[in-house]
Amino acid sequence: MSAPVIVEATVKQTATLIFMHGLGDTGHGWSSALAAIRPPFMKVICPTAPTQPVSLNAGFRMPSWFDLKTLDIGGPEDEPGIRSARDDVHSMIQKEVSAGIPANRIVLGGFSQGGALALYSALTFDQSLAGVVALSCWLPLHKQFPGAKSTSEEVPIFQAHGDYDPVVPYKFGQLSASLLKSFMKNVTFKTYNGLSHSSSDEEMNDVKTHWEGQNMARRAQCCQIS
């Protein structure tokens, strides 16, 4: 994996966002948009997925967190690849924890395939994170939940999806949110009318509002890093 794009905090860092891009993108694709909405005390890490063959795209090599075999929600999934990518995300989290940022001050986020990885990684992490931002995505290996869950049911999840998405169907987002709500206590699912497989200013503003609603700024006061 190539070096991630890092946007440092503009004041004393007390929180971290690790955000995974979608299929075929790079860490540069989201760094500017996230830097514009993150709190000043939050460092943003945007890793780039390894380049590998993707079955869904006739084996063409591109940045991908794991192989995508089909967009059928009941179809086969690349379980070894998903677990390997999850382990890489967990390693990034542990690196931040070792640097002095508590797990409950670390947010995982992602778009499309990256959002799927963020959801899976957060749910299977053995500590409670500050939250998850899951955009235009789905929950991978969903049949393994809630049994595969390792984290607290209190971890806040903000899931967003356009109802005009031709790539990851809106129904996939709805089904994933419904499943998540059956075993997680703090799940928000927001619909964006007319939005295709992309983001929007409204969505980004809602992400920012969600962070503020989770009292991250207030909690920063008790988590100062020396």
Side-chain angles (χ1 to χ4, degrees), residues 1-2 4 17-27 29-30 45-96 103 106-129 131-152 155 157-161 165 167-169 171-180 182-184 187 197:
M1 190 184 299
S2 59
L17 166 66
I18 302 172
F19 192 95
M20 276 69 71
H21 61 74
L23 181 68
D25 200 359
T26 69
W30 282 87
I45 301 174
C46 294
T48 294
T51 298
Q52 55 186 311
V54 177
S55 298
L56 190 65
N57 285 352
F60 187 76
R61 293 175 60 85
M62 62 180 61
S64 180
W65 299 108
F66 47 85
D67 191 22
L68 286 172
K69 300 177 183 296
T70 176
L71 282 180
D72 177 358
I73 198 165
E77 295 183 83
D78 175 21
E79 183 168 350
I82 293 168
R83 291 182 178 276
S84 176
R86 181 272 314 270
D87 292 345
D88 289 340
V89 174
H90 286 181
S91 294
M92 286 187 275
I93 296 171
Q94 293 290 3
K95 185 176 180 181
E96 288 301 296
I106 298 172
V107 177
L108 285 189
F111 174 80
S112 192
Q113 188 193 40
L117 177 58
L119 275 175
Y120 185 77
S121 299
L123 292 172
T124 58
F125 193 62
D126 62 3
Q127 299 178 56
S128 295
L129 299 175
V132 186
V133 175
L135 310 180
S136 304
C137 66
W138 69 97
L139 175 61
L141 304 176
H142 64 276
K143 294 176 183 176
Q144 298 181 7
F145 290 93
K149 181 178 76 69
S150 302
T151 196
S152 166
V155 173
I157 297 172
F158 178 78
Q159 195 180 347
H161 216 117
D165 191 332
V167 179
V168 179
K171 187 69 175 177
F172 288 11
Q174 287 181 305
L175 290 170
S176 292
S178 179
L179 175 58
L180 288 167
S182 73
F183 63 89
M184 298 296 285
V187 179
H197 194 61

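Here the structure is a predicted model, which means the values were calculated and not measured.
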Could you measure the distance from the [atom1] atom of [X] to the [atom2] atom of [Y]? Nearest 0.5 Å is fine.
X: M92; Y: I106; atom1: CE; atom2: CD1; answer: 11.0 Å
X: N57; Y: S64; atom1: CG; atom2: OG; answer: 8.5 Å
X: D88; Y: I18; atom1: CG; atom2: CD1; answer: 11.5 Å
X: F66; Y: R86; atom1: CZ; atom2: CZ; answer: 12.0 Å
X: L119; Y: M20; atom1: CG; atom2: CE; answer: 9.5 Å
X: L129; Y: E96; atom1: CG; atom2: CD; answer: 12.0 Å

Where the side chain of [X] meets the backbone of [Y], is there a donor-acceptor pair that is under 3.5 Å apart?
X: S91; Y: D87; value: yes
X: S182; Y: L179; value: yes
X: Q113; Y: W65; value: yes
X: H21; Y: G114; value: no
X: S84; Y: P80; value: no

Closest heavy-atom contact between [X] and [Y]?
X: L68; Y: W138; result: CD2-CZ2, 3.9 Å
X: Q159; Y: S176; result: NE2-CB, 3.8 Å
X: P63; Y: A49; result: CB-O, 3.8 Å
X: P76; Y: K69; result: O-CB, 3.7 Å
X: G115; Y: C137; result: C-SG, 3.6 Å
X: G27; Y: T48; result: N-OG1, 2.8 Å

Exercise for review: Would you please test F145 and T124 for side-chain contact (heavy atoms from CB on, under 4.5 Å) and show each step?
Suggested key: CA-CA 10 Å; F145 290 93; T124 58; 4.1 Å; yes
Heavy atoms, side chains only, cut-off 4.5 Å: are [X] and [Y] in contact?
X: W30; Y: D25; answer: yes
X: L123; Y: F183; answer: yes
X: V168; Y: F111; answer: no

Practice item. Check the surroundings of atom CZ in F60: do more than 12 heavy atoms from other residues, nucleotides or ligands lie under 6.0 Å from it? Key: no
Exercise for review: Identify, with sequence neighbours excluded, every residue that meets side-chain contact (heavy atoms from CB on, under 4.5 Å) alongside Q144.
Suggested key: E79, R83, Y120, L141, A148
Check your understanding: Looking only at side chains, do H197 and S112 share a donor and an acceptor under 3.5 Å apart?
Key -> yes
**Study point:** Residues forming a salt bridge (Lys or Arg N to Asp or Glu O under 4.0 Å) with R61, sequence neighbours excluded
**Key:** none
Practice item. Among L17, V155, V89, find the one that has a side-chain contact (heavy atoms from CB on, under 4.5 Å) with L108. Key: V89
Point to revise | I157: which of L139, V133, V132 passes side-chain contact (heavy atoms from CB on, under 4.5 Å) | key: V132
**Study point:** Step-by-step side-chain contact (heavy atoms from CB on, under 4.5 Å) determination, H161 to K171
**Key:** CA-CA 9 Å; H161 216 117; K171 187 69 175 177; over 6 Å; no
Review point. For the side-chain hydrogen bond (donor to acceptor under 3.5 Å, both in side chains) test, which of D67, T70, D78 pairs with S55?
Key: D67
